[in-house]
Number of protein chains: 2
Amino acid sequence: MSDNIFENVKHGSLSTQIFELLRDRILNGDYEDGQKLNELALAKELKISRTPIREALKQLELQELVESIPNKGVYVKGFSARDIDDMFEMRISLEGLAIELAIDRMDDEHLNKIKDVYDLMEFYSMKLDYEKLRELNIMFHEVIYEATQSPYFMQILKDIHYYVSMTSRHAIRQKDRVETSLSEHKVILDKIIAADKEGAREVIESHIRKTQQFVRDYFLAHPK
Amino acid sequence: MSDNIFENVKHGSLSTQIFELLRDRILNGDYEDGQKLNELALAKELKISRTPIREALKQLELQELVESIPNKGVYVKGFSARDIDDMFEMRISLEGLAIELAIDRMDDEHLNKIKDVYDLMEFYSMKLDYEKLRELNIMFHEVIYEATQSPYFMQILKDIHYYVSMTSRHAIRQKDRVETSLSEHKVILDKIIAADKEGAREVIESHIRKTQQFVRDYFLAHPK
DNA sequence: AAAGCTATAATTGTATACAATAATACAATG
DNA sequence: CATTGTATTATTGTATACAATTATAGCTTT
């Protein structure tokens, strides 16, 4: 079976791969806040030329992950706990809207996909496989984004969700959160299946708020 | 006086200029939907090399303005009226949140800036200078975005606002809309000055909804 | 004449070379 | 000793060269 749900490995061009690599490094906190990213050093480290590096850096700049000072260089922009909290607020606003649009516009393919993802969530929740669950959580919400069929909406929500997912990954690794999160996704799925827009908005907003609170508590207990 | 409010001409690197040029061309409808953007052709037209072109195209790809097919080329992605309408919905969701954050976090500099912008709006409304008003409208809302002091929030709202502003610019060019728009901005400004968060959210959402309706009507009357 | 193969051209992807700007080190001057 | 100016080096910005992939045209075959 080659169309495994996790098999998302179609590497694009080099610059795209580099973009994703550097993005994940930044979100992971591998670089210091304000650290300069030297093009030649990166090129040598990754054993490629500067061209794809530069293209990737240009993209990171647009995502606000680095700051570029002309003729000087690009510098990584760090995250504050408030930045992450703000992103949760954006998600609450946007996903409530997204799920209503999604219910209006989704087709059977989307519906089957989100059901499959949920089934896997049940499985990996039992196994407490946090990394798989993080990936599945991203997939679950991305199906909703894609069902809106609005390219900008999709892209923006994907980015925001990916950011918060990566930056708060350690906050979520608790058994009881896994269980409540699973049941929350079940409720969301049921509302989608019932095509209950108002209900879906309510439960997805509440779900994100709970996650937000969890992350808040974590950052309060683990100040940097 | 060199710090003119419109004097925003600090051209960045070539690739940044090219990015902005191509973005505006696409938003303006200068290219056909699906048209291929040939790197060499663009380089020759703009009398530069392919390198800055490619860097700009990579950025456009991230903004969903073009689609890149590996080893084949990049193709412009057109807009539908629904896409634009969806962007208005996103603005309504996000700006309501943004203005509340902005009121909490804004300083005197932001406040003075938005007052100055409003004063100019009054002036150019009398003169019915649509292009200046479009620029001032962008500035007015961008002050709010900047006052949130949340980098992602700022960037996302700037992009969305710029998109809708550019793609619906012809829909707004009517004398009575200029007058009502001005008074709506006055109300928003007053709520900001009064630090009335709930009130501000209400009036800014209503303001965007009115603009949205105006654009809807226009696209209904002028189907492509 | 239609379908398929092959050679050629065109285009994208990557690497390197050159140009312009900024950072550094060090000497000269007060 | 501090400061300023200058030469050198390092780094970014842009252009060009080369490699890999895709599109095109013409020929062959049936």
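Every chain is numbered from 1 and lettered A, B, ... according to where its sequence line falls, protein lines coming before strand lines.
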Open item on the list: Using a heavy-atom cut-off of 4.0 Å across all strands, would you classify A:K36 as base, sugar-phosphate, or nothing?
Closed with: sugar-phosphate
Open item on the list: I want to confirm an ordering. Mapping A:P70 and A:R50 to their closest nucleotides on DNA chain C, which one lands closer to the 5' end?
Closed with: A:R50
Open item on the list: C:dG13, OP1 or OP2 - any side-chain N/O from B:R54 closer than 4.0 Å?
Closed with: yes
TODO: Using atom NZ of A:K47 as one end and atom C1' of C:dA15 as the other, report the distance to the nearest whole Å.
DONE: 16 Å
Open item on the list: Between B:K113 and B:E109, does any side-chain N to carboxylate O distance fall below 4.0 Å?
Closed with: no
Task: CD (B:E122) with more than 12 external heavy atoms under 6.0 Å - done: yes
- [ ] Report the distance from atom CG of B:N38 to atom P of D:dT22, rounded to the nearest whole Å.
- [x] 16 Å
Open item on the list: Expressed as a whole number of angstroms, how long is the span from B:I53:CD1 to C:dT14:P?
Closed with: 18 Å
Open item on the list: Just the rounded figure in Å: distance from P of C:dA22 to CG of A:L40.
Closed with: 19 Å
Task: Passing option when A:R25 is tested against A:E32, A:E45, A:E20 for salt bridge (Lys or Arg N to Asp or Glu O under 4.0 Å) - done: A:E45
Open item on the list: Just so I know, are the side chains of A:Y130 and A:I172 near enough to count as touching, which here means a heavy-atom distance under 4.5 Å?
Closed with: no
Open item on the list: Using OP1 and OP2 only, check whether a side-chain N or O of A:T51 sits under 4.0 Å from C:dT14.
Closed with: no
Open item on the list: If I take atom CD1 in residue B:I48 and atom P in nucleotide C:dA19, what distance separates them, rounded to the nearest angstrom?
Closed with: 18 Å
- [ ] Grab the CG-P distance between B:L46 and D:dT14 for me, whole Å please.
- [x] 13 Å
Open item on the list: Check the phosphate of C:dA23 against A:K72, side-chain N and O only, distance under 4.0 Å to OP1 or OP2. Yes or no?
Closed with: yes
Task: Phosphate contact (D:dT12 OP1 or OP2) by A:N71 side-chain N/O below 4.0 Å - done: no
Open item on the list: Tell me whether A:E95 is salt-bridged to A:R201, with the criterion being a basic N under 4.0 Å from an acidic carboxylate O.
Closed with: no
TODO: Kindly point out which of C:dT12, D:dA15, C:dT14 is positioned nearest to the side chain of B:S49?
DONE: D:dA15
TODO: To the nearest Å, give me how far apart CD (A:E39) and P (D:dT14) are.
DONE: 11 Å
- [ ] Please state how far atom CG in A:L14 lies from atom C1' in D:dT21, giving the value in whole angstrom units.
- [x] 15 Å
Open item on the list: Taking the nucleotide of DNA chain D with the nearest heavy atom to each, does B:Y75 or A:G73 sit closer to the 5' end?
Closed with: A:G73
